[in-house]
Amino acid sequence: MSTSPATLQPAALNKRKTEAAPVKIGMISLGCAKNLVDAEIMLGDAASRGMHITADANDADVLVVNTCAFIDSAKEESIEAILQAHEQRGLRKKPGQKLIVSGCMAQRFSKDLAAEMTEVDAFIGLDQVNKLGEIVEGLMAQPSALHDDGWQPLNLVTRNSTFIPDFDTPRFRLTPSHSAYVKIAEGCNHPCSFCVIPRMRGRHRSRTIASVVAEVRGLVAEGVREINLISQDTTYFGMDHWEERPSATQPVDSTRGPTLAALLRELQNVEGDFWIRLLYTHPAHWSDELIETIAACNKVARYIDMPLQHIHEEMLAGMRRETSRAHIETLIERLRAGIPGLALRTTFIVGFPGETEEHFESLLGFIEKVRFERLGVFTYSREESSRAAKMEGQIPAKVKQARFRKAMRLQQKIAGEIAAAQIGKTMRVLVEKDDMARAEGDAPEVDTQIFLTAPAPAGEFVNVRITGTRVYDLVGEPVL
């Protein structure tokens with residue numbers, strides 16, 4: 001996902017007056033919702049120092065490219081965005097414009113990038129997201145990389161990231177006014193062999209329950225109708241604060257300390273009409289307590305995002321997923337029995353090293369049997385320095401793409417049947433804009449939408465009668 005710069009600068013953020021015109025900051029944020037929150041924090045810090053946020057790159061004194069490095073295609077997109085930003089400032093004849101690169105790619109590759117991409121003025125890491133204003137103030141006194149042939153980019157990245165936001169961390173939200181992401185933890189402790197996120201973002205570290213509740217209460221007071229809880233593993237929330245260290249597959253248990261279940265119970269008590277949505281859960285940590293809590297809290301959306309990655313035992317072992325097929329199948333049964341009306345979202349990886357046709361067919365059979373309401377498929381990306389990158393049995397790109405297409409054809413058929421079954425039903429939806437909405441079973445950006453046959457007020461909950469489908473998406477008539 002590519003997020004354009006914010007379009008509005010709240011007046012309350014511009015209290016600081018200086019004789020010179022305020023520095024104007026532009027932002028291009030790539031990648032996931034967790035990266036988007038980092039972008040919001042960077043802009044919030046800059047705005048708190050009297051800087052202005054602009055949507056117009058032509059107008060920006062400083063342009064930040066917030067990069068992603070999750071898979072190869074994300075890295076390629078990030079590099080293209082950096083080079084394009086540099087080229088455009090030359091075409092716009094803005095020799096003094098500064099170019100800052102942040103995000104996961106900067107965190108992971110800053111040393112190499114600083115040597116190879118002298119077009120950039122500075123590289124900053126994950127521990128600098130709340131210091132952008134200070135960095136910009138220092139950078140504005142330096143020559144620009146655009147017109148200094150001897151310029152060497154500033155590499156301000158620090159290793160072993162430890163930063164985590166708090167409820168009072170300044171943020172300049174880039175999402176629609178009715179929906180917000182709340183990062184409840186940072187980092188990850190899981191050893192997945194295909195992933196390098198723990199090396200970039202560090203060990204799992206949770207915020208306190210009080211901190212999250214305070215932030216959510218403030219957002220709801222501003223009119224936010226959807227709170228999307230995110231982290232690398234939301235189900236591990238709070239366990240790093242326990243007196244006795246939990247195991248790698250510890251189920252949620254509030255008798256031992258703070259947990260996601262305890263957080264949801266506190267958020268249920270926040271006054272207001274809003275959804276709470278759980279994203280990025282891990283199958284290893286689900287417990288009966290967590291399932292029962294979700295079922296009992298009517299503000300928690302009947303929606304679970306739980307990336308499974310594969311289902312064959314040999315693939316799960318190779319991926320170091322810390323779960324088994326039996327555990328996953330039983331968990332899905334428990335989730336659907338314990339939370340009526342639940343929409344399950346998952347993602348799978350095809351073409352992982354050593355994946356045979358038998359492994360792949362096993363995955364297809366599982367998808368057909370479970371019939372996930374929402375499902376995404378990725379082709380395996382060979383990530384430098386990951387365990388899986390060194391494995392034998394790397395799958396040719398052509399085979400990976402063929403498996404991807406076959407899996408998505410199957411899911412398209414399932415999704416079409418699930419969508420057709422909604423015709424005639426009336427459901428409560430959150431209106432995104434006057435002709436489009438999302439249901440409780442649809443997260444922003446990644447899931448399906450409902451096209452409205454008549455206008456409805458954006459940012460409000462309305463009832464809609466489903467009248468048709470568009471493959472994955474629905475068509476609905478507002479019920480007045």
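In this model, a donor atom of one side chain and an acceptor atom of the other lie less than 3.5 Å apart for T448 and D442. A donor and an acceptor atom, one from each side chain of S231 and E186, are nowhere located under 3.5 Å apart. Side-chain contact, Q107 with D127: no donor N or O sits under 3.5 Å from an acceptor N or O. With 3.5 Å as the limit, one finds no donor-acceptor pair spanning the side chains of S287 and E289. Using a 3.5 Å distance cut-off with no hydrogens or angles, the side chains of R321 and T323 do not pair a donor with an acceptor. A side-chain donor-acceptor contact under 3.5 Å links S102 and N66. The closest side-chain donor-acceptor pair between Q232 and H204, if any, does not fall under 3.5 angstrom. Side-chain contact annotation: T281 with D233, donor-acceptor N/O pair under 3.5 Å absent. H359 and E314 are linked by a side-chain donor-acceptor pair at a separation below 3.5 angstrom, with hydrogens and angles left out of the test.
Residues F461 and W275 bring their aromatic ring centres within 6.0 Å.
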Task: Evaluation steps, side chain to side chain donor-acceptor pair (under 3.5 Å), between H190 and E322 - done: CA-CA 8 Å; H190 289 290; E322 304 172 314; 2.5 Å; yes

- [ ] Apply side chain to side chain donor-acceptor pair (under 3.5 Å) to the pair E358 and T356, showing each step before the final yes or no.
- [x] CA-CA 5 Å; E358 179 188 348; T356 64; 4.8 Å; no

Open item on the list: Assess the residue pair K183 and D38 against the criterion (salt bridge (charged side-chain N to carboxylate O under 4.0 Å, His left out)); give the C-alpha distance rounded to whole Å, side-chain angles, the decisive distance to 0.1 Å, and a yes or no.
Closed with: CA-CA 9 Å; K183 188 184 288 190; D38 290 345; 2.8 Å; yes

TODO: Step by step, work out the side chain to side chain donor-acceptor pair (under 3.5 Å) result for S179 and R225.
DONE: CA-CA 6 Å; S179 180; R225 295 302 188 94; over 6 Å; no

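Atom CD of E329 has more than 12 heavy atoms from other residues, nucleotides or ligands within 6.0 Å. Counting heavy-atom neighbours within 6.0 Å of E368 CD, excluding the residue itself, gives a total of 12 or less. Residue R387 qualifies as open at atom CZ: its count of foreign heavy atoms under 6.0 Å is 12 or below.
Between atom CD1 of residue I339 and atom CD1 of residue I291 there is a gap of 6.0 Å, rounded to the nearest 0.5 Å. Here the CD atom belonging to E445 is positioned 9.5 Å from the OG1 atom belonging to T175, to the nearest 0.5 angstrom.
Under the ring pair (Phe, Tyr, Trp, His ring centres under 6.0 Å) rule, H285 has a single partner from Y280, Y236, F237, which is Y236.
Considering only residues two or more places apart in sequence or on other chains, R199 meets the salt bridge (Lys or Arg N to Asp or Glu O under 4.0 Å) condition with none of them.
Applying the salt bridge (charged side-chain N to carboxylate O under 4.0 Å, His left out) test to every pair with at least one member in residues 422-433, sequence neighbours left out, gives these pairs: D273-R428, E432-R438.
By the 4.5 Å heavy-atom criterion applied to side chains, I450 and D473 are not counted as neighbours. In this structure, the side chains of V120 and I82 come closer than 4.5 Å at one or more pairs of heavy atoms.
K400 has no carboxylate O lying under 4.0 Å from a charged side-chain N of E355, or vice versa, which leaves the two without a salt bridge. Ion pairing between a basic and an acidic side chain is recognised when a charged N comes within 4.0 Å of a carboxylate O; E384 and R108 show no such pairing. Salt-bridge formation is not detected for the pair E373/R302: no Lys NZ or Arg NE/NH1/NH2 atom is positioned less than 4.0 Å from an Asp or Glu carboxylate oxygen. Salt-bridge annotation for R217 and E271: absent, with no side-chain N of the basic residue lying under 4.0 Å from a carboxylate O of the acidic one.
The side-chain tip of R277 points at the ring of Y303 from less than 6.0 angstrom away and within 45° of straight on.
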